[in-house]
Amino acid sequence: MSNYRELYQPAHTIIGRGGIQAMPRHIDLISGHKALVVTDEGLKKIGTLKKVTDVLDAQGKSYAVYTGVKPNPTVTIVNEAKAVYDRENCDYLIGIGGGSPLDVAKAVSILAGNGGNIEDYNGLDKSKRAGTPLIAVNTTAGTGSEVTRAYVVTDEVKKSKMLMVDANCLSYLAINDPELMADMPPALTAATGMDALTHAIEAYVSRSHFPFTDGIALEAVALVGKSLEKAYRNGHDLEARTDMCWAEYMAGLAFSNAGLGMVHAMAHQLGGFYNTPHGVANAILLPYVMRYNSPACKERYGDVARALGINVSGMTADQASMAAIEYIEGMKRRMKIPGLSETSFRPGDVVTLSLHALEDTGMPENPREASLVDVQKVFMDAYYAG
């Protein structure tokens with residue numbers, strides 16, 4: 001292991017109300033000729049796409065639009081978007097959305113800069129050259145995709161998620177504008193917020209954590225504890241939405257530099273097999289993985305408890321760790337996160353799911369080593385709990 005750390009983050013970041021108004025200035029800085037705007041039909045229908053393209057239109061910026069992104073995007077979707085990029089002679093990308101549209105935009109960026117098939121880039125730092133410039137406009141306070149050097153694409157043939165970790169996909173400009181998040185429905189607010197919490201916790205206990213990631217991960221945990229349920233109850237609470245913008249950005253920055261762990265390794269399989277929304281999968285699994293990991297990092301889970309505002313004075317390390325887990329379980333109940341048994345999960349698939357989880361890019365950073373039997377048990381504990 002080297003004696004230095006290399007930090008990965010977007011070249012530019014804007015967080016706050018009205019942030020999308022800064023896009024034209026940055027397009028000029030990269031000498032952008034024509035953008036491929038990548039998003040989904042849902043964001044088109046509720047007007048989010050138009051809010052962004054209105055800014056482009058006002059400044060005479062040329063663009064084409066691809067709205068075919070679906071949750072847990074596939075190789076086919078990436079190839080479709082890349083075909084539009086080529087046909088329209090685009091030279092940069094604007095991704096609008098949560099994890100799925102931004103993941104597709106990153107994948108197209110890498111393919112445009114490097115060629116080949118997206119399957120060629122599964123794993124760590126597989127590309128040779130920087131992708132074409134990407135402006136990532138985030139619309140959910142959870143995935144962190146606008147800040148990270150990671151993107152996920154589902155391989156339809158293998159029914160598994162490919163996790164690419166690659167500094168060449170980092171966005172040129174990341175925008176978190178809470179006004180674009182005000183109309184997010186409560187269920188999506190909950191799921192994406194729990195995704196951010198999972199990012200922060202996994203980064204804080206990862207094997208590769210270091211002082212920079214520790215600080216921003218714990219602050220992200222504190223902001224989620226303070227503001228997620230407020231945003232869930234009232235989506236137009238822009239103070240809470242802004243707090244969640246900061247939380248998800250810092251959590252994304254933390255895990256992009258320190259790595260993830262067993263929660264994500266397992267959640268990726270639920271998405272690949274059953275199309276379970278990523279935030280929901282993380283929220284379901286988080287407390288069960290924390291229980292499994294606690295013997296290896298209970299002191300750090302105690303820090304998580306303190307960040308969540310729990311008074312742990314007088315508690316043992318085990319008790320403080322358990323207090324954090326129980327607090328998170330309470331958040332899940334209050335925000336009506338479903339149980340694993342309420343999803344499409346089939347116990348008969350557990351061996352295959354667990355084998356794939358052990359091969360996931362996130363698993364080596366988990367603080368406690370896991371065997372096939374261990375992963376199966378965590379899945380089944382979550383399933384029988386409800």
Side-chain angles (χ1 to χ4, degrees), residues 71-75 78 99-100 103 106-107 118-126 142-145 148-166 169 194-195 198-209 251-252 254-290 292-293 296-297 340 343 345-346 349-383:
N72 300 312
T74 61
V75 170
V78 169
S100 296
D103 281 357
K106 287 179 178 180
I118 200 60
E119 297 94 325
D120 300 336
Y121 303 101
N122 186 21
L124 178 64
D125 292 327
K126 292 296 182 70
T143 67
S145 191
T148 67
R149 59 186 175 119
Y151 60 103
V152 180
V153 178
T154 296
D155 184 329
E156 302 107 309
V157 177
K158 295 182 179 178
K159 289 190 176 180
S160 66
K161 283 195 171 189
M162 299 182 293
L163 173 61
M164 292 77 157
V165 179
D166 190 339
C169 79
M194 291 298 293
D195 192 13
T198 306
H199 292 156
I201 292 173
E202 290 213 293
Y204 189 65
V205 301
S206 79
R207 293 176 186 264
S208 295
H209 73 85
F255 92 75
S256 187
N257 285 280
L260 290 165
M262 189 168 163
V263 181
H264 274 77
M266 295 173 67
H268 287 153
Q269 313 322 313
L270 297 179
F273 261 65
Y274 313 116
N275 214 28
T276 307
H278 180 63
V280 171
N282 277 334
I284 289 170
L285 294 168
L286 177 59
Y288 299 97
V289 172
M290 289 178 72
Y292 173 78
N293 281 340
C297 56
L340 188 57
T343 72
F345 173 83
R346 295 184 299 267
D349 295 331
V350 70
V351 174
T352 303
L353 293 168
S354 300
L355 284 168
H356 283 314
L358 288 170
E359 296 171 355
D360 188 271
T361 312
M363 190 63 90
E365 292 297 340
N366 198 63
R368 184 182 179 192
E369 194 152 341
S371 68
L372 176 62
V373 172
D374 294 329
V375 179
Q376 288 178 250
K377 184 176 187 305
V378 174
F379 269 127
M380 297 313 298
D381 284 349
Y383 178 75

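Just so you know, residue 1 is the first one in the sequence shown, and it goes up from there. Bear in mind the structure is a predicted one, so any value in this text is a computation, not a measurement. Basis for what follows: all heavy atoms, side chains included, without hydrogens, waters or symmetry-related copies.
The shortest non-hydrogen separation linking Tyr288 to Ala382 is CD1-CB, 3.7 Å. Ala258 and Ser208 get closest at one heavy-atom pair: O-CB, 3.5 Å. Looking at every heavy atom in both residues, Ser354 comes nearest to Leu372 through CB-CD1, 3.5 Å. Heavy-atom minimum distance, Ala370 versus Tyr292: CA-OH, 3.4 Å.
Separation of atoms CG (Asn293) and CZ (Arg368) is listed at 7.5 Å; rounding is to 0.5 Å. In this structure, CE on Met363 lies 10.0 Å from CD on Glu369, to the nearest 0.5 angstrom. Rounded to the nearest 0.5 angstrom, Ile284 CD1 and Leu286 CG are separated by 11.5 Å. In this structure, Met290 CE and Leu285 CG are separated by 13.0 Å, a value rounded to the nearest 0.5 Å.
With contacts defined as side-chain heavy-atom distances shorter than 4.5 Å, the pair Asp103/Val153 does not qualify. Side chains of His268 and Thr361 form no contact here, defined as non-hydrogen atoms less than 4.5 Å apart. Inter-residue side-chain proximity for His264 and Leu163 is flagged as unmet; no heavy-atom pair is nearer than 4.5 Å. A heavy-atom distance below 4.5 Å is not found between the side chains of Met266 and Leu353. By the 4.5 Å heavy-atom criterion applied to side chains, His278 and Thr143 are not counted as neighbours. The shortest side-chain heavy-atom distance between Glu156 and Val75 falls under the 4.5 Å cut-off. Leu270 is listed as a side-chain neighbour of Leu340, based on a closest heavy-atom distance under 4.5 Å. Contact check for Met164 versus Ile118: side-chain heavy atoms found under the 4.5 Å cut-off.
The environment of NZ in Lys126 is crowded: more than 12 heavy-atom neighbours from other residues, nucleotides or ligands sit within 6.0 Å.
Just one residue in the list Thr154, Val152, Thr276 forms a side-chain contact (heavy atoms from CB on, under 4.5 Å) with Asn72, and that residue is Thr154. Across Pro73, Cys169, Ser145, a single residue satisfies side-chain contact (heavy atoms from CB on, under 4.5 Å) together with Tyr151, and that is Cys169.
Between the side chains of Asp374 and Ser371, a donor-acceptor pair is found at a separation under 3.5 Å. Between the side chains of His199 and Asp195, at least one donor N or O sits under 3.5 Å from an acceptor N or O.
Between Phe345 and Phe379, the ring planes are parallel. Angles under 30° get that label, and only those over 60° would be called perpendicular.
Here the side chain of Ser206 pairs no donor or acceptor atom with the backbone of Glu365 at under 3.5 angstrom. Formation of a donor-acceptor pair under 3.5 Å by the Glu202 side chain with backbone atoms of Gly259 is not found in this model. Between the Ser256 side chain and the Arg149 main chain, a donor and an acceptor come within less than 3.5 Å of each other. Lys106 places a side-chain N or O within 3.5 Å of a backbone atom of Thr148 that can act as its donor or acceptor partner. Side-chain atoms of His209 never come within 3.5 Å of backbone atoms of Val205 as a donor-acceptor pair (strictly under, hydrogens ignored). Checked by atom type and distance alone, the side chain of Asn122 never pairs as donor or acceptor with a backbone atom of Met162 at under 3.5 Å.
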| request: Dump the intermediate steps for side-chain hydrogen bond (donor to acceptor under 3.5 Å, both in side chains) on Asp349 and Tyr274, then the final yes or no. | output: CA-CA 11 Å; Asp349 295 331; Tyr274 313 116; 2.7 Å; yes

